[in-house]
Amino acid sequence: MKAAIMGYGVVGSGVGNILLKNADIIAEKLGESIEIKYVLDLRDFPGDVLEDKLTKRFEDILEDSEVKLVCEAMGGTKPAYDFTKRLLEAGKHVVSSNKELVATYGYELLGAAKAHGVNYLFEAAVGGGVPILRPLWQCLAANHIEKFYGILNGTTNFILTKMYNEDMPFDEALALAQKLGYAEKDPTADIAGADVCRKTCILASISFGKHIDPDQVQTQGIQDINIRDVSYAKANGYEIKLLGYCRKLDSGKIDAIVSPFFVPKGNQIATVSDVFNGIVVVGDMVDEVFFYGRGAGSMPTASACVADLIDCAMHDKARKNFGWGARDAGFVENHSACQGSYFVRGEGDIHAVKAAMGDVTFLSLQGAPLNEVAFITQTETEGDLDRKLAGIPDFHISAKIRVLV
Ligand code: HSE
């Protein structure tokens, strides 16, 4: 079967590599080979093994009836949205690693795929090489999903791990992640949490059956994580992780948040370090399952794209029934009205904090200034917590970080 790759960067070149390197196992599984007919990119790649397949014209792919499979690894929504839609409408299967595109236009593109009897699959868009979307949709199909939370960004996990384990400065760790090909073109999307937000939206849309847009999920990145908070976490049995978190509420709505969390060391997620991703899913029948692996990088991400290409080829005639419903504006609860526990650090008088906050757990740190007070709250809404904190006389808050409970 003939395929095309759109975007010959970190992921696209990995897809080309795997299709060539593992052609034997792919052909064995599929009963036929997947041959690359075009590679679309505006750049030149002199001497590349796929140089003779390069084209700068999207229409070469769109108008070639021999091409049945397309891997979109361009990133961004322009022109990826337009290209993907036209390919699906032309009856071609499309696989993608593009989380921004899926988080924003997933519902619409899945609709286009359905209308034209083809598949639109994007396992690589969440967790890189970690199988998570197919397990959620297929293997856990007998469950109501109750909650999921996960480390969904390799770059920020790499940075936090370096800060935590090696006291490496933030900028140095980021530069290293960029050098290793983990970071987005503009790493702000990693650092400020937008990338995790997009992945959380995709997981939530599959888990809860309605399209969740990035603007519905409150998002906070790791840019404000202070080395003192890292020290408090270390001294008191916690890791600090950037999580995408989502759970079904009794009201039928969902609570979704992207934020740094204090994670107790006993939790599986606390063991996920460096570029690795980890996702815990809780289903009402299966209980807790844990997915772990490389969440970024050329080959792991391309591994998921190629598996999707194989799946599309296997389901060339009988389309997979995969998708979710339209956006429902009221489906995501205002996060500050949801219950949570928090780490708070500030300067003030511990007796005043005790009087206002009631039953909290105070944390200690060797060498901390005498007027520094740090504690972990009971479970309450963020709204209630903020009201109580505002009522402590002369207490200056330096940090407030969610705690995974
Ligand atoms: N920048 C992303 C990450 C790439 O670091 O996880 C994979 O989506």
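As the structure lists them, so they are numbered: ligands from 1, and atoms in each ligand from 1. None of these values were measured; they are calculated from a predicted model. When reading the values below, keep in mind they use all heavy atoms of this one structure, side chains included, and skip hydrogens, waters and symmetry mates.
- Open room surrounds NZ on K114; 12 or fewer heavy atoms of other groups in view lie less than 6.0 Å from it.
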Walk me through whether E239 and I269 qualify under side-chain contact (heavy atoms from CB on, under 4.5 Å). CA-CA 9 Å; E239 291 274 345; I269 284 290; over 6 Å; no

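- Ring-plane geometry between Y8 and F45 is classed as perpendicular, the angle between the planes exceeding 60 degrees on a 0 to 90 degree scale with a lower cut at 30.
- For an aromatic pair to be called close, the ring centres must be under 6.0 Å apart, and Y107 with W324 fails this.
- The aromatic ring centroids of F122 and Y120 lie less than 6.0 Å from each other.
- Between Y238 and F262, the ring-plane angle classifies as tilted under the 30° and 60° cut-offs.
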Could you pull out the N/O contacts under 3.5 angstrom between ligand 1 and the surrounding protein atoms?
{"unit_1": "ligand 1", "atom_1": "1 (N)", "unit_2": "Y182", "atom_2": "O", "d": "2.8"}
{"unit_1": "ligand 1", "atom_1": "1 (N)", "unit_2": "E184", "atom_2": "OE2", "d": "2.6"}
{"unit_1": "ligand 1", "atom_1": "1 (N)", "unit_2": "D190", "atom_2": "OD1", "d": "2.7"}
{"unit_1": "ligand 1", "atom_1": "5 (O)", "unit_2": "G154", "atom_2": "N", "d": "3.3"}
{"unit_1": "ligand 1", "atom_1": "5 (O)", "unit_2": "T155", "atom_2": "N", "d": "2.9"}
{"unit_1": "ligand 1", "atom_1": "5 (O)", "unit_2": "T155", "atom_2": "OG1", "d": "2.6"}
{"unit_1": "ligand 1", "atom_1": "5 (O)", "unit_2": "Y182", "atom_2": "O", "d": "3.1"}
{"unit_1": "ligand 1", "atom_1": "6 (O)", "unit_2": "G154", "atom_2": "N", "d": "2.7"}
{"unit_1": "ligand 1", "atom_1": "6 (O)", "unit_2": "K199", "atom_2": "NZ", "d": "3.4"}
{"unit_1": "ligand 1", "atom_1": "8 (O)", "unit_2": "K99", "atom_2": "NZ", "d": "2.5"}
{"unit_1": "ligand 1", "atom_1": "8 (O)", "unit_2": "K199", "atom_2": "NZ", "d": "2.7"}

